[in-house]
Each structure stands twice: as structure tokens, then as C-alpha cells.
Amino acid sequence: MLDVIIDPKNVTIRTFDNLEDAERAAMREASATGGQQMPAVMFRQGSRYMLTTAFLIPLIKNRLVGNHAERRGSVEQVRSATNRPVMEDHVKSVKSYIKANVGKKYILPPLTLNARQPLSIYKVDYGSTVTVVNVVIPGNVKLEITDGGHRKRAIDEVFEELPPEIADQFSGDAIAVMITIEDDMAQIHQDFADASKTKSLPKSQLAAYDRRHPANGIVLDLIDSCKLFEGRVDSTSKTLSKNSNKLFLTNQVRQMVKELLGAGYSMADDQFEQRAVTMLKSSDDPHYAEVRDRFIAFVNEVTAAIPVLSGVAGLPDAPYTGDRVRELREKGWLPLSATGLVVLGRIGYLLFKHEVPDWKSYIQRLGKIDWRKSGDLWQGNVIQQGGKIMTQQVPVRGAVTAVRSAIGLTDDVLSAGSDAMREAA
């Protein structure tokens, strides 16, 4: 879909009695000027008119030009450019996404472009602010990228790396674009600023949508497959209110997964996502399925072993258990907190890293621990004076050490597991 913001001074608009005549006239101009003719829909937005259509990938690749600001440039240098400086990590991220999904289902957001030379529009006057038209982009018109330079550069690099048959398939795809017809640099910059007024999704909410990435996919698989989490995870909030009928945030389950993968709950999300890709490849990879099933089994075993968790899992659907959820939250059970999930996740990591053969027996011993935050095991580590649950790394390490001691998960046990694993290999 191509959006063209029209300044009447820079656009030649020709009106015809019917669409067939308009289309033939547009084709004649395109043929005579070496231009590109395409159907579009013209509509009004505010005080300006726009057009919508689609650009094939080769047109994106060959007809668009970037005008990027230099890094650490002066105000004058930045204002003479139409694009922000290139962020190579962003280009790499988009390129990896495209390469992984060509021929599958993917989405690239619209580009915002600008044409400083005139365009031609051929239309029928239907008396509506929304109407079908034909637009001609002359061969000498260069479309500058106002927003989307990283996507354009990623597309260019993808073509250099795709096998010829896949590149041919990619050439049949198209992307929505928005073209402003402006020669006023101040307005071009303003259009860029206006187009950028979007708010990115919080990581917890993005994780609820983006199953394609293994870091998110494995979180969603646990939420979908573990009775403990079913209907009890809030994927839109940053914090849980005391009156919420949910027990966990998506981000708290994500922290548990970080621990299970050995990343550490405090690892930055970008680093964690890179680690997840390195370890799990993609959500379609067989190794991903193996790790996913192992983590699901772990959470289910932990749920069955710890009475408060098995009690939660046995409750009816969360919308009908608000009072019970609030009661549990007020009592302060550690496994129903982010810190408790992190501690359990780290125990799971140790069991799986060292391939402890009878790991389920150690999980069963977790049920003998007093998991109330008033329990002696937690005092001086994750529970400090006043009864507040601590989230810092040092208290969490202390709690993990205490749990390992309580269930007999000693260094000798872990070493024996590692030795057996090496012998089997």
C-alpha cells in the first residue's frame, strides 16, 4: 500500500470521465517517460490528500535512495539529511528476520518516502474524498526515504546473500510505503517526526505476541502448557495490583525461562534474545522442541511437588477465583513471586545442565520446604527485616544455596551427573 501525501503545487492531476481513459492516459505517460504507472486509492487526511498502492521489492530496491545523517554530525548536518544515522545492529536484526521468513508469513511495516519532483495523477471525479486513481512516477524521480532506511538497507543486503531462486521469490513480494511530495526540508523533517510518534510494546506484551522468536516462544509454550500458568498470567501490565486475579506477569515467567536457560534473570532482554537464538535456533528447530518439553515437564513436576502451587493449579479458571488469588498473595508465598520463580528456575538449570539422572526426586523434595516467606530458610537471604521479598542477585544466590542444601543438591551430585554425561558421550 503506497501512501502519497499530495501538495497540489507539485502534482499534475488530470480528470477523466471514466477509469479506462484515465488508465490509458497514465500508461501513455509512463511509456513516454520511462516511468512507473500503478493503480492507487486517493484519500484525504487532514488538509492533504494521499494515495495508497504497493511497491514490489525490486522497485523498493532500485528506485529508493537514502539520505542518512552522519553519526555525531552537527545540527546543520543532521538537518540537511532526511534519515537518522544508520544503526547497523538494527539493519542486521531486520535482515535476519527477512532471511528467516522469505517464503513464509512475515510483515514489514510501511516505508515513508518523499518525492521532490512532480508526480502525475489520473482520476475520475466521483465527488468523494476516497477514490481510485492511477499514479505515474516519472523515470527521473528519485524517491528519498524519510522513514524506513534500515528496512531498505536490510533488503539490499538480503539480496546479496539469498540464493538466486529465493531472491526471485522475494522479488514477487511488496511493501507498503508512504510518499510525501515536499521540497521543504523542514516539513520533511516534521513528517518524519510525526510518523515516528509510536510507542513500542513493552517486552512483557511483545512476548505475548511474538512467538516466532525462540525467547518468546518458549515463554508462551510454558504459559499455554502448564496448568500453573493457565489463566493466571497478565501479559499487558508492568506490575500486579493487590486486587488482580492474576498471579504472574509474562515478564516474570520470562525471568524464570532466563534462569532455566542459564542466562540469569537480570540479563538484558536483547542479550537474552541473542542467547536464545544461539541455543535454540528457532521455534521450528527440533532442539527447541526438546528444550521446551523439558521445561514444561520441570514446571509441571514443581507444581505437583509444592503444595501451594498444586493448590493454585487445581483452582477453577482464574476469572472466578479472584478472592482466593488475593488471599494467597497477601499470605506471601515465595513461589507465587518473581523471586520464587527465579529461584526455581535456577534449580532447574542446575539439574538440566548437569543432567542429574534422578532429577525428579530432587523436585519432589522441594515439597518438604516451608515456602511461606516467614519460613526460616529464607531469612537473611531473599527475606530481610520487615518481611520484604528481595530481588537483588546476592539474596537470590543465597536463597538458591539454601534450597540446594535443603534438597541435597550438592556439588558432588552435580559433578556425578556431569561425569555420567561425559561417559555416555
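None of these values were measured; they are calculated from a predicted model. This chain uses plain numbering: 1 for the first residue, then up along the sequence.
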- prompt: For the residue pair F229 and F248, does the interplanar ring angle fall in the parallel (under 30°), tilted (30 to 60°) or perpendicular (over 60°) class?
  reply: perpendicular
Listed pairs under 3.5 Å, donor-acceptor, residues 96-103 side chains, sequence neighbours left out:
| from | atom 1 | to | atom 2 | distance (Å) |
| --- | --- | --- | --- | --- |
| S96 | OG | K92 | O | 2.9 |
| Y97 | OH | I107 | N | 2.8 |
| Y97 | OH | I107 | O | 3.4 |
| K99 | NZ | E161 | OE1 | 2.8 |
| N101 | OD1 | R212 | NH1 | 2.3 |
| N101 | ND2 | Y97 | O | 2.7 |

Contacts of D411 that satisfy side chain to side chain donor-acceptor pair (under 3.5 Å) - sequence neighbours left out: R404
Can you give each donor-acceptor pair under 3.5 Å made by side-chain atoms of residues 31-44, sequence neighbours left out, with the distance rounded to 0.1 Å?
| from | atom 1 | to | atom 2 | distance (Å) |
| --- | --- | --- | --- | --- |
| T33 | OG1 | E29 | O | 2.8 |
| T33 | OG1 | G35 | N | 3.4 |
| Q37 | NE2 | N134 | OD1 | 2.5 |

message: Using a 6.0 Å distance limit plus a 45 degree cone around the ring axis, check whether R63 lies over the aromatic ring of F55.
response: no
Side chain to side chain donor-acceptor pair (under 3.5 Å) against D224, all qualifying residues, sequence neighbours excluded: R211
query: If you draw a 6.0 Å radius around CG in D17, do more than 12 non-hydrogen atoms from other residues or ligands fall strictly inside?
result: no
- request: Could you check whether the rings of F298 and F352 sit parallel, tilted or perpendicular, using 30° and 60° as the cut-offs?
  value: perpendicular
task: Go through the structure and list residues passing side chain to side chain donor-acceptor pair (under 3.5 Å) with R28, not counting sequence neighbours.
output: none
message: Using side-chain hydrogen bond (donor to acceptor under 3.5 Å, both in side chains), reason through R254 and N216 one step at a time and then give a plain yes or no.
response: CA-CA 8 Å; R254 185 180 175 92; N216 296 329; 2.5 Å; yes
- prompt: In chain order, what residues pass the salt bridge (charged side-chain N to carboxylate O under 4.0 Å, His left out) check against K388, with sequence neighbours excluded?
  reply: none
task: Quick one: closest heavy-atom pair of F272 and A263, and the distance?
output: CD1-CB, 3.8 Å
